[in-house]
Trainee: 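First, the structure itself, so that you have it in front of you.
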There are 2 protein chains.
Amino acid sequence: MSFIFNFGIPGLMEVLPADMRARFDALGVEKRYQDKQHIQSRGDQTKGFSVIKSGAVCFGKTDKEGRFITTAVLEAGQCYGEFTVFGGLPRTHDGYAEGPTVISHLSKTKFDQLLLDEPALAAPIISLLTVRLHHMLEWVDDLRRYPLRYRLGKNLLLMVKGMEDSLIAATQSELADLMGVSRVAVAQALADYKRSGFVATEYGGLRLLDKEGLRSWLRQFETIDPVVPATPLFTDAAL
Amino acid sequence: MSFIFNFGIPGLMEVLPADMRARFDALGVEKRYQDKQHIQSRGDQTKGFSVIKSGAVCFGKTDKEGRFITTAVLEAGQCYGEFTVFGGLPRTHDGYAEGPTVISHLSKTKFDQLLLDEPALAAPIISLLTVRLHHMLEWVDDLRRYPLRYRLGKNLLLMVKGMEDSLIAATQSELADLMGVSRVAVAQALADYKRSGFVATEYGGLRLLDKEGLRSWLRQFETIDPVVPATPLFTDAAL
DNA sequence: CATAAAATGTAAACTAGTTAACATTCTTGG
DNA sequence: CCAAGAATGTTAACTAGTTTACATTTTATG
């Protein structure tokens with residue numbers, strides 16, 4: 001499962017030149033986590049930058065009643081910890097492993113040193129932050145503008161983009177988490193889609209049967225024309 | 001009026017050393033705008049980085065029915081254009097001046113050159129993006145977690161922080177825009193606050209009468225403990 | 001200073017979400 | 001292979017927001 005920062009957003013490691021990646025690997029301390037294993041707590045003062053080598057990490061906050069609300073799930077290739085390194089903040093989220101996960105941790109000290117040694121690292125980091133910020137703005141905007149049955153459809157299409165089989169392996173609870181709504185709301189939206197023949201649900205997932213149909217059905221909601229990048233996001237930002 | 005990126009977030013210019021600020025001023029082309037004057041349109045290919053010298057800029061998107069939905073209002077000291085410069089995107093929002101406004105525009109070419117000449121500029125930019133991203137995450141989180149009468153109160157308190165008079169000069173429509181809800185919803189929340197004696201509304205603004213009372217009333221909603229920065233955000237990020 | 005424009009206050013009908021509950025179906029581990 | 005757990009499907013009552021409407025108050029303007 002995944003969230004905001006995964007769809008169509010390449011990870012830092014993917015855009016970094018090989019030699020830089022190697023330096024990350026050399027400096028970082030790899031740590032293994034089992035499924036569900038706790039990684040960090042909101043409020044921790046452990047400052048550093050981390051790269052997910054494999055698996056995924058679920059970030060969120062546990063409220064006083066003990067209920068966990070997911071903020072984002074980052075998958076392999078993605079990094080996190082900017083807030084502690086660049087913002088001087090303690091950990092802002094609880095985090096635990098989703099599936100067996102390997103993470104390479106760099107302390108703030110080491111990371112700062114790396115950035116001093118390699119000023120070329122700044123560009124990809126700025127790019128990464130920019131893309132995430134842009135993504136968030138769009139997300140908030142959609143949240144205000146469109147109902148769930150638009151947003152869910154849009155994100156389902158995003159999820160299968162570039163996949164040949166159109167099978168989304170996420171439970172409805174996970175999709176609900178993803179969209180920040182209740183499971184019932186997701187089930188109802190999916191029931192709608194099913195009636196129109198856009199999707200077929202199955203245990204533990206669903207299949208997009210008619211992407212084009214869904215796409216054009218969604219267009220009825222769209223109140224603004226989408227902006228398409230002139231150059232793709234995340235080119236080697238000419239710094 | 002202001003939005004997400006103003007409360008408690010210093011502008012780029014405020015954190016930049018004097019010499020760097022001077023370089024910005026030297027390279028940029030200053031342009032004056034009258035109240036309500038159009039500055040940019042979503043989709044424009046004009047790429048560059050801009051600094052608001054005085055006044056404010058309202059960003060948003062106009063939907064097909066012609067209705068404008070505000071995304072953010074940036075005030076003097078704030079900058080924008082990261083998406084065009086670092087993300088290779090066309091302008092993602094429509095923008096117009098709020099009040100007489102002066103903006104210093106740097107073309108992408110000039111800005112790229114400036115960054116090459118001044119690698120030290122990377123740190124404050126990274127910091128800025130980080131702070132904004134963090135703010136957005138918190139915003140989305142609050143959106144999911146809390147009802148309007150919590151979020152509005154929280155933001156009213158944020159707005160008067162550091163002010164001695166506790167007068168907020170924003171119409172209810174502006175507050176509604178700010179919170180991404182209808183004017184009626186804001187009026188109802190304010191009516192609640194009034195009944196409790198926390199605020200007094202007046203034409204074109206409102207006054208916080210009992211900050212401490214409001215603060216403690218808000219606490220009843222809070223489901224997680226706030227995280228406080230160990231070191232303040234936006235220190236000269238030790239790069 | 002009279003009138004228009006802007007802002008506030010409030011009610012009513014509606015809608016898209018919520019939680020709770022429960023029956024059903026599917027999968028997996030002993 | 002069957003029992004337990006997990007996931008789905010669906011209903012019902014509720015709630016926090018929406019839009020529309022309109023009366024009232026305040027400010028700005030010719």
Side-chain angles (χ1 to χ4, degrees), chain A residues 1 35-36 63 65-69 98-99 140 142-156 167-196 199-207 218 220-221 223, chain B residues 1 35-36 63 65-69 98-99 140 142-156 167-196 199-207 218 220-221 223:
Chain A
M1 223 265 298
D35 186 32
K36 313 275 178 221
D63 62 27
E65 287 85 52
R67 198 167 40 166
F68 185 85
I69 297 188
E98 278 215 352
V140 171
D142 280 2
L143 219 50
R144 288 184 180 185
R145 247 199 192 82
Y146 304 117
L148 178 64
R149 60 189 186 289
Y150 171 85
R151 289 182 292 123
L152 179 61
K154 175 176 169 178
N155 279 283
L156 291 179
L167 173 80
I168 294 168
T171 66
Q172 296 182 6
S173 299
E174 286 172 323
L175 289 176
D177 252 22
L178 195 66
M179 306 302 302
V181 298
S182 68
R183 182 183 69 80
V184 176
V186 166
Q188 279 164 350
L190 288 178
D192 266 12
Y193 295 164
K194 269 195 287 189
R195 248 170 268 132
S196 307
V199 308
T201 56
E202 46 196 74
Y203 190 93
L206 60 93
R207 203 174 290 275
L218 291 180
Q220 90 191 72
F221 291 93
T223 51
Chain B
M1 222 263 298
D35 186 32
K36 312 278 180 221
D63 62 27
E65 288 87 51
R67 199 168 38 167
F68 185 85
I69 297 187
E98 277 214 352
V140 172
D142 280 1
L143 219 49
R144 288 186 179 182
R145 250 198 190 84
Y146 303 116
L148 177 64
R149 60 190 187 288
Y150 172 83
R151 288 182 294 123
L152 179 60
K154 175 174 168 179
N155 280 283
L156 291 181
L167 172 80
I168 294 168
T171 65
Q172 295 182 9
S173 298
E174 286 173 322
L175 288 176
D177 252 25
L178 194 69
M179 305 305 299
V181 299
S182 68
R183 182 183 68 82
V184 177
V186 166
Q188 280 166 352
L190 289 179
D192 266 14
Y193 294 165
K194 269 194 289 188
R195 244 168 273 133
S196 305
V199 307
T201 57
E202 45 196 76
Y203 190 90
L206 61 92
R207 204 173 288 277
L218 290 179
Q220 90 190 73
F221 291 92
T223 52

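Side-chain atoms are counted along with the backbone in the values below, which use heavy atoms only and exclude waters and symmetry mates. Chain letters run A, B, ... following the sequence lines, proteins first, then strands; residues in each count from 1.
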Trainee: Between B/Tyr193 and B/Arg149, is there a donor-acceptor pair closer than 3.5 Å when you use the side chain of the first and the backbone of the second?
Mentor: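 Yes; judged by distance alone, with no hydrogens or angles, the pair exists.
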Trainee: Closest to the A/Pro147 side chain: C/dT18, C/dG9, C/dG17?
Mentor: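 The nucleotide sitting nearest to the side chain is C/dG17.
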Trainee: Between the side-chain atoms of A/Arg149 and the base atoms of C/dG17, is any donor-acceptor pair under 3.5 Å?
Mentor: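 Not at all, since no donor on one side and acceptor on the other fall under 3.5 Å apart.
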Trainee: Of A/Leu148 and B/Gln172, whose closest DNA chain C nucleotide lies nearer the 5' terminus?
Mentor: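 The residue closer to the strand's 5' end, by nearest nucleotide, is B/Gln172.
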Trainee: Which one, C/dA21, C/dT10, D/dT18, comes nearest to the side chain of B/Ala187?
Mentor: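 Selected nucleotide: C/dT10.
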Trainee: Base, sugar-phosphate or nothing for B/Glu202? Non-hydrogen atoms, less than 4.0 Å.
Mentor: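 It contacts sugar-phosphate atoms only.
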Trainee: Evaluate the side-chain proximity of B/Val181 to B/Leu152: yes if any heavy-atom separation is below 4.5 Å, no if none is.
Mentor: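 No, side chains not in contact.
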Trainee: Write down the distance between CG (B/Asp142) and P (D/dG17), rounded to a whole number of angstrom.
Mentor: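 Spelled out: CG on B/Asp142 to P on D/dG17 is 13 Å.
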Trainee: Rounding to an integer number of Å, can you tell me how far B/Ile168 CD1 sits from C/dA7 P?
Mentor: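 Taking CD1 of B/Ile168 and P of C/dA7, I get 17 Å after rounding.
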Trainee: Calculate the interatomic distance between B/Tyr150 atom OH and D/dA16 atom P; express it in whole Å.
Mentor: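 After rounding, the reported distance stands at 16 Å.
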Trainee: Does B/Ser173 have a side-chain nitrogen or oxygen under 4.0 Å from the phosphate oxygens OP1 or OP2 of C/dA7?
Mentor: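 Checking C/dA7 against B/Ser173, no side-chain N or O comes under 4.0 Å of OP1 or OP2.
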Trainee: Should B/Thr171 and B/Arg183 count as side-chain neighbours, where that means a heavy-atom distance under 4.5 Å?
Mentor: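 Result no, sub-4.5 Å side-chain heavy-atom pair not found.
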Trainee: What is the separation between atom CE on B/Met179 and atom C1' on D/dA16, rounded to the nearest whole Å?
Mentor: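 Whole-Å distance recorded here is 14 Å.
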Trainee: Quickly work out the A/Arg183 CZ to C/dT18 C1' distance and round it to whole Å.
Mentor: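 Answer to the nearest Å: 13 Å.
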Trainee: Quick one: which of C/dT10, C/dA7, D/dG17 gets closest to the side chain of B/Tyr203?
Mentor: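 Shortest atom-to-atom distance from the side chain points to C/dA7.
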Trainee: In whole angstrom, what separates B/Lys36's NZ from C/dA6's C1'?
Mentor: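 Taking NZ of B/Lys36 and C1' of C/dA6, I get 12 Å after rounding.
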Trainee: Given C/dT8, C/dG17, D/dT8, identify the nucleotide with an atom nearest to the side chain of A/Arg151.
Mentor: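 Looking only at side-chain atoms, A/Arg151 lies closest to C/dG17.
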Trainee: Take the protein atom CZ of A/Arg145 and the nucleotide atom C1' of D/dG17, then report the distance between them rounded to whole Å.
Mentor: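 Atom-to-atom, A/Arg145 to D/dG17, this comes out as 18 Å.
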Trainee: With a 4.5 Å heavy-atom cut-off, do A/Leu156 and A/Leu190 have their side chains touching?
Mentor: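 Touching, per the 4.5 Å side-chain cut-off.
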Trainee: Using whole Å, what does the distance between atom P of nucleotide C/dG17 and atom CZ of B/Arg144 come to?
Mentor: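 B/Arg144 atom CZ is separated from C/dG17 atom P by 13 Å.
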Trainee: May I ask you to evaluate whether B/Thr201 reaches the phosphate of C/dT8, defined as a side-chain N or O under 4.0 Å from OP1 or OP2?
Mentor: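 Negative; the distance criterion is not met.
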Trainee: List the steps, then state whether side-chain contact (heavy atoms from CB on, under 4.5 Å) holds for A/Leu178 with A/Glu174.
Mentor: CA-CA 6 Å; A/Leu178 195 66; A/Glu174 286 172 323; over 6 Å; no
Trainee: Mind checking A/Val184 for me? I need base, sugar-phosphate or nothing, with any heavy atom below 4.0 Å counting as a touch.
Mentor: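 Base: the residue A/Val184, judged by heavy atoms under 4.0 Å, touches a nucleobase.
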Trainee: Can you figure out which of C/dT8, D/dA7, C/dA16 approaches the side chain of A/Thr171 most closely?
Mentor: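 Shortest atom-to-atom distance from the side chain points to D/dA7.
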Trainee: Over all strands shown, is B/Leu190 touching base, sugar-phosphate only, or nothing at heavy-atom distances under 4.0 angstrom?
Mentor: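 Since no nucleic acid heavy atom lies under 4.0 Å of B/Leu190, the category is nothing.
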